[in-house]
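Below is one structure, written out as structure tokens, with a few remarks after it.
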Amino acid sequence: MIVRIGEFQAAEGQGEVLHHFLISLTEYITDSKGCISYEVLSKQDEPMQFAVIERWVSIEAHRASVEHFPKDKMLSAMSLFAVAPTGQYYQA
């Protein structure tokens, strides 16, 4: 099993909208082949920063879900980010 931790910084005034967007991905991600779990966290002292914790059976399973994600939905969300999201894989 691998864990992917993604970090997101909302653009000015977009914190709540970005949080709702990340939550809206739950069904798509958890229904993706190889997904074990998906969790959205907001930073306690900084409501514009979020972490997404995903557990997958493999890196390939995660990458396949990203590859099949609707591009138009992701492009429409780009204005919500102050900076490009980052993410790393961890071995569980």
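When reading the values below, keep in mind they use all heavy atoms of this one structure, side chains included, and skip hydrogens, waters and symmetry mates.
Between T86 and E7, the closest side-chain pair of non-hydrogen atoms falls below 4.5 Å. Within the 4.5 Å cutoff, side-chain heavy atoms of F69 are placed close to those of L25.
Criterion: ILVMFWY side-chain heavy atoms under 4.5 Å apart, direct or through other members. Under it, F21 and M78 are part of a common hydrophobic cluster. By the criterion of side-chain heavy atoms lying less than 4.5 angstrom apart, applied directly or through intervening Ile, Leu, Val, Met, Phe, Trp or Tyr residues, F8 is grouped together with M74 in one hydrophobic cluster. Linking ILVMFWY side-chain heavy atoms closer than 4.5 Å, directly or via other members, places I23 and V17 in a single hydrophobic cluster. Residues I29 and V3 do not share a hydrophobic cluster, clusters being chains of Ile/Leu/Val/Met/Phe/Trp/Tyr side chains in contact below 4.5 Å.
Under the side chain to side chain contact (heavy atoms under 4.5 Å, CB included) criterion, A84 pairs with no residue at all, not counting sequence neighbours. With sequence neighbours left out, the ring-ring contact (aromatic ring centres under 6.0 Å, His included) criterion links Y90 to no other residue. Annotation: side chain to side chain contact (heavy atoms under 4.5 Å, CB included) contacts of S58 (sequence neighbours excluded): E60, A61.
Rounding to the nearest 0.5 Å places NE2 of H20 at 10.5 Å from CG of L18.
Nearest approach of Y89 to R63, heavy atoms of both residues: OH-CG, 3.5 Å.
One N or O on the side chain of Q91 and one on the backbone of M1 form a donor-acceptor pair closer than 3.5 Å. At least one donor-acceptor pair closer than 3.5 Å links the side chain of H68 to the backbone N or O of A64.
Sorted pairs that involve residues 28-42 and meet side-chain hydrogen bond (donor to acceptor under 3.5 Å, both in side chains), not counting sequence neighbours, are lacking altogether.
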Under 3.5 Å, sequence neighbours excluded: what are the donor-acceptor pairs made by side chains of residues 45-57?
from, atom 1, to, atom 2, distance (Å)
Q49, OE1, K43, NZ, 3.2
Q49, NE2, Q9, OE1, 3.0
E54, OE1, W56, NE1, 3.1

Original post:
Under the side-chain contact (heavy atoms from CB on, under 4.5 Å) criterion, do Q14 and L80 qualify, and how do the steps go?
Top reply: CA-CA 6 Å; Q14 297 298 315; L80 303 178; 3.1 Å; yes
